[in-house]
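Single-structure report; data block below.
Proteins come first, then strands; the chains are lettered A, B, ... in the order of their sequence lines, and each starts at number 1.
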Amino acid sequence: MSRRFPPGAMSRRILERKIQDRYRAGHIGTDDALNLFDELIQVAGPSSVRAINCLLTVVGRDCPALGVSLFNRVARAKVPPHNITYGILVDCCCRAGRMDLGHPAMGHVIKLGFTAEAIVNFSHLLKAICAEKKTSYAMDIVLWIMPEFNCVPNIFSYNILFKGLCNERRSQEALELINIMVEDGRGCCRPDVVTYNTVIDGLLKEGEVGKAYSLFCEMPQRGISPDDVTWNSIISGMCKVHAMDKAEDVLEQMLDRGILPDVATYNSLIHGYYSLGQCEEVDRIFKEMSRNGVQPDIVTYSIQMDYLCKSGRCTEARKIFDSMISLGQKPTVTTYNILLHGYAMERSFYDMNCLIELMDDNGISPDHYGYNILISAYAKEETVVILRKTVTSRKVWLAWYMNDYLCFIYMPDYYFFNKLSLMPFALLSLLY
DNA sequence: TTAGGGTTAG
């Protein structure tokens, strides 16, 4: 009787199955995935590609650069990568800030003849190109290069372009593109609810409230029903320009259509009323939330803390912060920044330093908002003298004396600022 | 393996 599998093949199949089952159940962490990858790659064969895709997805999600290096090991093993494997690779290259590797990876997909099925791979590439504020180039890819390779752009491709245009403050062009697509749209590439939501949000962020509202009103005529995201965007836009009556009108319309407000809806209203100093209205919204069974979330508490800090009531804000933690809510970097800004306004340097230590203990790194708050606060002290700036391998230490006290700021994200032109405003004014 | 909304600094 002949054996069905060569020696070792059965244990390899068992390992592959185990990996895929655990991946589907969401039971693989990054460290786990690395160990399983080491185990599998030693015995891997052509059948291992699905399990390898699962492991690359888990590792790449957390650490895209590591995902790229694992792919190199796959390429050296006798496992022909699948189109999906290349998709994960393109995504990892782009998210690791290695567009110089992302383009060749995509070129490889084309060379191997995967182009017709490479639609998702193109989406990763388009997203990364748009993130670099090169949406015009991404548009050339969608309109000319993809059809050239028989890869028909889908609504995902177009919606990535719409988001890119809006992020470049080119919402008017996005609006015109919607109209062109409506006039001669074909098949799957008619604008959908996500397209409208993206452009409505872009117009609102550029202060074009009237145009955003008109587009919102045109949706039903064009056969697209607004969803919860659409309603929330319009309500948030109205709240940001302090048109609270209009926001309440839109909320009524939303309820009439049977769509229930969620925590994001209430957060917009609470923020709007706090900005106007109308605390009685805030209390009313909180009661309404509670009546409708909607629980406040981290953003609700952050908005409340921000109001208290800006009113010189940091102690009360801190009580909310501490009670939030005791209830098991994890503060985000924004929550810390709000409190940090409150302490900075009070010039409470001791509290600021303690909070930074707490962030560190909880594994949260300050972002460019946080650094600006810190540096601006210290820079306002007349006795600040920059003592030393050390730049080593993408890391920056700043040290200075303030009131005979040696202060440090460690900037692990220097490369990030440099890359995205997000070097903190206050830091620039100190260094140059 | 791909797209959209609510909070923070100067």
Original post:
Of the nucleotides dT7(B), dT8(B), dT1(B), which one has an atom closest to the side chain of Val120(A)?
Top reply: dT1(B)

**OP:** Take the angle between the ring planes of Phe321(A) and Tyr336(A) and call it parallel below 30°, perpendicular above 60°, tilted in between.
**Re:** perpendicular

Subject >> Nearest-neighbour nucleotide for the Thr57(A) side chain, dT1(B), dG6(B), dT2(B) considered >> reply: dT1(B)

Subject >> d(CD1, Ile303(A); C1', dG6(B)) in whole Å >> reply: 6 Å

Original post:
Using a distance-only test with no angle check, is there a side-chain donor-acceptor pair under 3.5 angstrom linking Thr334(A) and Asn337(A)?
Top reply: no

Subject >> Closest listed nucleotide, where the reference is the side chain of His124(A) and the choices are dT1(B), dG6(B), dA3(B) >> reply: dT1(B)

Original post:
Within the structure shown, what part of the strands sits under 4.0 Å from Thr198(A) by heavy-atom distance: base, sugar-phosphate, or nothing?
Top reply: sugar-phosphate

Original post:
Looking at NZ of Lys246(A) and CD1 of Ile234(A), how far apart are the two atoms once the value is rounded to the nearest 0.5 Å?
Top reply: 10.0 Å

Original post:
Nearest to the side chain of Ile84(A), which nucleotide is it out of dA3(B), dA9(B), dT1(B)?
Top reply: dT1(B)

Original post:
Between Arg284(A) and Glu280(A), does at least one N-O distance fall below 4.0 Å, as a salt bridge requires?
Top reply: no

Subject >> Donor on one side chain, acceptor on other, Asp91(A) and Asn121(A), under 3.5 Å >> reply: no

Original post:
Is the closest side-chain donor-acceptor distance between Asn267(A) and Thr300(A) under 3.5 Å?
Top reply: yes

Original post:
What is the nucleic acid contact for Val263(A), judged by heavy atoms within less than 4.0 Å: base, sugar-phosphate only, or nothing?
Top reply: base

Original post:
Within the structure shown, what part of the strands sits under 4.0 Å from Asn83(A) by heavy-atom distance: base, sugar-phosphate, or nothing?
Top reply: nothing

Original post:
Would Phe71(A) and Tyr86(A) count as a close aromatic pair, with their ring centres under 6.0 Å?
Top reply: yes

Original post:
Once you round to the nearest 0.5 Å, how far does CE of Met305(A) lie from NE2 of His341(A)?
Top reply: 13.0 Å

Original post:
Looking for any heavy atom pair under 4.0 Å, which part of the strands does Asp91(A) touch: base, sugar-phosphate only, or nothing?
Top reply: nothing

**OP:** Under 4.0 Å from any atom of DNA chain B, heavy atoms only: list the residues of residues 207-222 of chain A that qualify, in numerical order.
**Re:** none

**OP:** Return the value, rounded to whole Å, for the distance between atom CD1 of Ile200(A) and atom P of dG6(B).
**Re:** 13 Å

Original post:
So, are Lys319(A) and Glu316(A) salt-bridged, with charged N and O less than 4.0 Å apart?
Top reply: no

Original post:
Could you state the interatomic distance from CE (Met254(A)) to CH2 (Trp231(A)), rounded to the nearest 0.5 Å?
Top reply: 7.5 Å

Subject >> Of residues 272-299 of chain A, the positions that come close to DNA chain B - non-hydrogen atoms, cut-off under 4.0 Å >> reply: Asp297(A), Val299(A)

Original post:
Hey, is the side chain of His271(A) poking within less than 4.0 Å of OP1 or OP2 on dT8(B), counting only N and O atoms?
Top reply: yes

Subject >> Nearest-angstrom distance from the residue atom CG of Asp192(A) to C1' of dT2(B) >> reply: 13 Å

Original post:
In terms of side-chain geometry, is the basic nitrogen of Asp351(A) or Arg318(A) positioned less than 4.0 Å from the acidic oxygen of its partner?
Top reply: no

Subject >> From Tyr196(A) atom OH to Thr230(A) atom OG1, the distance as rounded to the nearest 0.5 Å >> reply: 11.0 Å

Subject >> Integer-rounded Å distance: dT8(B) C1' and Tyr336(A) OH >> reply: 15 Å

Subject >> Nucleotide nearest Asp201(A) when distance is taken to its side chain, options dG6(B), dA3(B), dT7(B) >> reply: dG6(B)

Original post:
CD of Gln304(A) versus C1' of dG6(B): gap in Å, rounded?
Top reply: 15 Å

**OP:** Can you tell me the distance, in whole Å, between the CZ atom of Arg50(A) and the C1' atom of dT1(B)?
**Re:** 13 Å

Subject >> Closest listed nucleotide, where the reference is the side chain of Thr334(A) and the choices are dG6(B), dA9(B), dT8(B) >> reply: dT8(B)

**OP:** Round to a whole Å and report the spacing from CD1 of Ile373(A) to C1' of dT8(B).
**Re:** 6 Å

Original post:
In whole angstrom, what separates Leu340(A)'s CG from dG10(B)'s P?
Top reply: 11 Å

Original post:
Got a second to check how far Ile129(A)'s CD1 is from Ile141(A)'s CD1, nearest 0.5 Å?
Top reply: 3.5 Å

Subject >> Intermediate values then yes/no, salt bridge (Lys or Arg N to Asp or Glu O under 4.0 Å), Lys310(A) and Asp306(A) >> reply: CA-CA 6 Å; Lys310(A) 284 177 177 158; Asp306(A) 184 50; 3.1 Å; yes

Subject >> Proximal nucleotide (of dT7(B), dT2(B), dG10(B)) relative to the Ser123(A) side chain >> reply: dT2(B)

Subject >> Nucleic acid contacts of residues 139-150 of chain A, taken as heavy-atom distances under 4.0 Å to DNA chain B >> reply: none

Subject >> Below 4.0 Å: OP1/OP2 of dT7(B) and any side-chain N or O of Lys310(A) >> reply: no

Original post:
Of the candidate nucleotides dT8(B), dT1(B), dG6(B), which contains the atom at the shortest distance from the side chain of Asn337(A)?
Top reply: dT8(B)

Original post:
Counting only side-chain N and O atoms of Lys127(A), is one of them less than 4.0 Å from OP1 or OP2 of dT1(B)?
Top reply: no

Subject >> Ser236(A) side chain, from C-beta outward: closest of dA9(B), dA3(B), dG6(B) >> reply: dG6(B)

**OP:** Output the single nucleotide from dT1(B), dA3(B), dT8(B) whose closest atom is nearest the side chain of Asp306(A).
**Re:** dT8(B)

